[in-house]
Amino acid sequence: MQVRVRIRRYDPAQDQRPRYQEYVVDAEPEDRLLDVLNRIKWEIDGTLTFRRSCAHGVCGSDAMLINGVNRLACKVLVRDLGSTITVEPLRGFPVVKDLVVDMTGFFKAYRAVKPWLINDETPPPTERLQSPSERERFDDTTKCILCASCTTSCPSFWSNPEYIGPAAIVNAHRFIFDSRDRGAAERLDVLNSREGVWRCRTIFNCTDACPRGIEVTRAIQDVKRLLLTERV
Amino acid sequence: MYRGREGMLSWMLHRVTGVGVLLFLLMHIVDTFLVGFGPEVYNTVLAIYKTPFMRVMEVFLVAAVLYHALNGLRVILVDFWSAGTRYQQQMFWAEMVLFVVLFIPAAYFMLKPLFG
């Protein structure tokens, strides 16, 4: 089959403003959108710029706005996209070139929630034991690959890039609800601030966008409820 | 336009109806305040509400208040019921059904005098 791919392009060296360029490409229904983008870059137009690394839905490099929703180009199939496919860069980040966005702010927000184990107690001689139910408590939020699909699908984030965003909250949740961690208080301070969890309006775009199927809004609500019940 | 689903639609409608109800409230504060200028001024202004146009606007107001109230209950459930986030879409459609069931008779009785 043939597909028309409309790509929002921007080259800061040449373009005053972003423009749309169309490519007509042969594609199999079972091709992933990433295969189509590669075909364009390799065979039609080498100037097209986008990120991709593992190409198998694990690294999170190729999140983009595909037909109006955030998806990983390596996980969505041509047959599910129709004959005209619109591809745009993630919203809410500055565009570096074409589909490549500047994720500096995204990773700054990620680091702000201290996404590592905080525990100053003397380490036990063996591992820090955890029951299956304690592990289950934060299982969902361990799956994040930091692709930024959630954060850039969020209207609260679009209107206020200072909002820490769903991805940072998901990664804070992963440690706050880990029974081995002792750093909940310092993370909750960040999440209880002006640009923290209270900016969330439960719009659920993040949950719908997550390529890992994380219930992002549910994690945010867990943190909100913890703030309401555990601390004054 | 981002193609959001039920959650985004419900939030946008919540915003629009919220602002609409707020604008009516401001207008209502002004018209009630006019009673301070005596019964004649007050009655003259309040007569505007009896025009067919304002009656239709009031039907929209009922729709806005009704939606905002019903969706507010959904938002409370999403916030405080632990399974709320899992059933938010179903709750939205249940809310739509409730809205139609309550709004159609209200609109019928409000608009009936205009045609009768």
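Letters A, B, ... mirror the listed sequences (proteins, then strands); counts begin at 1.
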Donor-acceptor pair, [X] side chain versus [Y] backbone, under 3.5 Å?
X: A:R218; Y: B:G84; answer: no
X: B:Y2; Y: A:N70; answer: yes
X: A:E215; Y: B:R86; answer: no

- Task: Heavy atoms only: give me the nearest B:D79-A:T202 pair and the separation to one decimal.
- Result: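 Nearest pair, atom of B:D79 first, then A:T202: OD1-CG2, 4.0 Å.
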- Scanning both residues in full, the closest heavy-atom pair of B:V78 with A:R225 reads O-NH1, 3.9 Å
Whether over 12 other heavy atoms sit under 6.0 Å from [X] [atom1]:
X: A:K108; atom1: NZ; value: no
X: B:M54; atom1: CE; value: yes
X: A:Q16; atom1: CD; value: no
X: B:Y49; atom1: OH; value: yes
X: A:Y20; atom1: OH; value: yes

- Is there any residue in residues 5-42 of chain B with a non-hydrogen atom under 4.5 Å from a non-hydrogen atom of chain A, and which ones are they?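 Residues in range: B:R5, B:G7, B:M8, B:W11, B:R15.
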- Does any heavy atom of chain B fall under 4.5 Å from the side chain of A:T207, the backbone, both, or neither of them? neither
State the [atom1]-[atom2] distance between [X] and [Y], to the nearest 0.5 angstrom.
X: A:I203; Y: B:Q88; atom1: CD1; atom2: CD; value: 11.0 Å
X: B:Q89; Y: A:D208; atom1: CD; atom2: CG; value: 7.5 Å
X: A:K224; Y: B:F80; atom1: NZ; atom2: CZ; value: 9.5 Å

- Message: Which one wins on heavy-atom pair count under 4.5 Å against chain B: A:D222, A:N67, A:I220, A:L65?
- Response: A:N67
